[in-house]
Structure formats: C-alpha cells, structure tokens
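Because the structure is a prediction, the values reported are computed rather than measured. We count ligands from 1, going down the list as the structure has it; atoms in each ligand are counted the same way. By convention here, the first residue in the shown sequence is residue 1.
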Amino acid sequence: MAPPRPIRLRITRPDDWHLHLRDGAALATSVPHSARCFRRAIVMPNLQPPVTTVAAAAAYRGRILAAAPAGSGFEPLMTLYLTDELPPAEIDRAAAAPWLAAVKYYPAGTTTNSESGVTAIEETYPTLERMQQLGVPLLMHGEVNRDEIDIFDREAVFIDEILAPLIKRFPELPVVLEHITTREAAEFVAGADVDAKIGATITVHHLLYHRSHMLAGGIRPHLYCLPILKRDSHRAALRAAATSGNPRFFLGTDSAPHPVGDKESACGCAGIYTAPAALELYAEVFDEEQALDRLEAFASFHGADFYGMARNESRIELVRESWEVLECYAFGGETVIPVRAGETIRWKIAG
Ligand code: DOR
Ligand code: ZN
C-alpha cells in the first residue's frame, strides 16, 4: 500500500539556480516574487545591453538588492554574459568577486537578447581556459540555431556538436546544461563520467507541460519558452531525472517575465513567468510523482553542492492547500501574465 500523502512539508529554504529578474521598474515585481521562497538565485545577464563586465554586474546587483523586501535575506548571485570578446582578464575579476557565480553562454541568435552571444565556441577558448583554471562555472543555453535544424531537435544536436566536445576539451571546467528539455539531455548528464563536473537545471514548466499543452486547441503564447516544450515522453524523462535523487539535477526556474503585449503578439517572445508560484508547482510535480521526500535535495541541496556553496540554514514550510493564482501582475508600467493565471495550485507556502 502506498504511504499516506503528507499534508505538510518542512524543507531547507531552496535556491533558484536560473532566474531572469529584468531591470528597472520591473524589479519591483520580479525580485519580491522570487525572494518570497528562494534565498539565493543565479541571475541571468541577458539585459539590454548584456552584463559583460564585473562592474556592470555589481551595479545590477545593487539595483536588485534595493528591490528585495526588507529582511528577506535574498542574495542575488550574478553572472557575466559570454561574448566572442569577453577577455580572460574579466574572469580574474569575476573570480575575485564572491557574489559573481558564473558565466552564461548563449549561442548568438538562439533566444531573448542573445544577439551579442557566442558566434563560434572556439572564439571563447582562451576565456574558457581561464574559467577552468579558476573554477568559474559555465552555464550553457543548450541549443544550436542553424536554420536547417528543426527547433525540436536543437538541444539534442547541441549536445552532440557543442557540449560533448567541450567537456572533453575542458574536463575540469564546471558546466551546467541549463533548463534541459529532452530525454537526450537527461541521459547525457546522468551518464557523464563520474568525475565530470556537469550539472543540469530543470524548470518547473518543463516538468508540468509538453508541447500539446502549448499548441493543441489554440496557441497559448504564455507557454512559449526556449528551449521549446517537447513531446510528453521527454517531460516524463525530466520528471524521472528531477525525482531520481541524482545530485547532478537541481532546481532552476528560468522564470522569465515579459510584458503581456510582447507575449500576445504576431511574433511573441519566449519566456514563462513562474516565480509567483514556482516552489508550489515543483511540490505539485513531486507530489504527483510520489517523490515529495526528494524535493528538498533537488530544491535546496544539489545546486549549492554543485556550486560549492553552503546549504541554507533556514527552513520553509509547504502545506497541501489550494489557492488561486492572480490573473496578472504589475510589471513596471505594464502587466505580466503568470503561469496558471487564474487557476488553482494545490500546494501553498505556509504562513
Ligand atoms: O524562454 C526563455 N526566456 N528562454 C530563454 O532562454 C531566455 C528567456 C528570457 O530571457 O526571456
Ligand atoms: Zn533563462
């Protein structure tokens, strides 16, 4: 007989190892939504212009801290945006800043604000070499964007063409394959050599949804993200990976707010806003998988261990209690539609 489902869950406070907070007036919404349950977050650098210097990251961090609710203890962990020109000397400065956690790789043209990204990985080898020497992690948006590669295949092709050769060339470089969406990615990460320094974040939307949710019965632009949702068998593989207890897999929401008009458009942009309900939705998934006892390690231990940071000491409590997500939130002078807008969520943060 299955054990009774718990109705309360007390876990170590989690961290979000992949987050988009945006900038300016948007921070007033985005920062409190994440700070409500996450103590730390890896903040992505794809602003306009991108965050390519430690000085720019320091200034951005200051703006985020100014938007954090008093007493929240929210700690933004900043990232640098890798370009063909990012000099190794900037990596020395990055390694000296304790709040600067990693460098983000976007292949040019793959996603939101990736125009300044890497055009050819070889261009960045001297910088990657320095990162490897200093132990600065490389966070990878794992897609190729060649026209002839179907959008649903772009992650799997990336693994073969870019990732596998890269980790052979830089075996000591810590690498995170961000927001994995396919069985191939889950298998690649789980199957890498025991001493490989590789991890992967898994978003809650890729655990909840598959491509038919986005495309059957009408196009739902608020479920459009990159890498794009795949077929259901991939979602199943991601659920298995997230709930496996394998320390290479950890929580990263990729919560990515956009003004409603940019999403509901003839050419809508990619990004799903999950921050207002992220931890609660992960709890829903782990509950469905009868794996609530593994949520804490996935959400609060594996990421910190990968980055060599201390695990959080404070705790947070979840209760199995339904609540309704708002239809929209203010977002600078505009509005943003969250995932599950106006719908019910079955887990709630207590208190
Ligand atoms: O869906 C996405 N949105 N994927 C990304 O890689 C970027 C993000 C964003 O910044 O909006
Ligand atoms: Zn992202």
Let me check something: any side-chain donor-acceptor pairs from residues 342-351 under 3.5 Å, sequence neighbours excluded? List them with distances.
from, atom 1, to, atom 2, distance (Å)
Arg346, NH2, Glu288, OE2, 2.8
Trp347, NE1, Asp287, OD2, 2.9

Expected list for residues 189-198: side-chain donor-acceptor pairs under 3.5 angstrom, two or more places apart:
from, atom 1, to, atom 2, distance (Å)
Lys197, NZ, Glu172, OE1, 3.0

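Of the N and O atoms on the side chains of Glu296 and Thr12, at least one donor lies less than 3.5 Å from an acceptor on the other residue. For the residue pair Tyr273 / His33, a side-chain donor-acceptor distance below 3.5 Å is found, with atom types taken as modelled.
Checked against the 6.0 Å centroid criterion, the rings of His206 and His234 do not qualify as a close aromatic pair. Checked against the 6.0 Å centroid criterion, the rings of Trp17 and Phe306 do not qualify as a close aromatic pair.
A distance limit of 4.0 angstrom between heavy atoms and ligand 1 selects the residues His20, Arg22, Asn46, Thr111, Thr112, His141, Cys225, Leu226, Asp254, Ala256, His258, Ala270, Gly271.
Of the possible donor and acceptor atoms, one in the side chain of Thr243 sits under 3.5 Å from a partner among the backbone N and O of Arg239.
Between Tyr307 and Phe250, the two ring planes are perpendicular [angle over 60°; tilted spans 30° to 60°].
Around the Zn ion (ligand 2), protein N, O or S atoms at less than 2.8 Å number 3.
In this structure, Arg294 is not positioned above the aromatic face of Phe286 in the sense of NZ or CZ being under 6.0 Å from the six-membered ring centre and within 45° of the axis.
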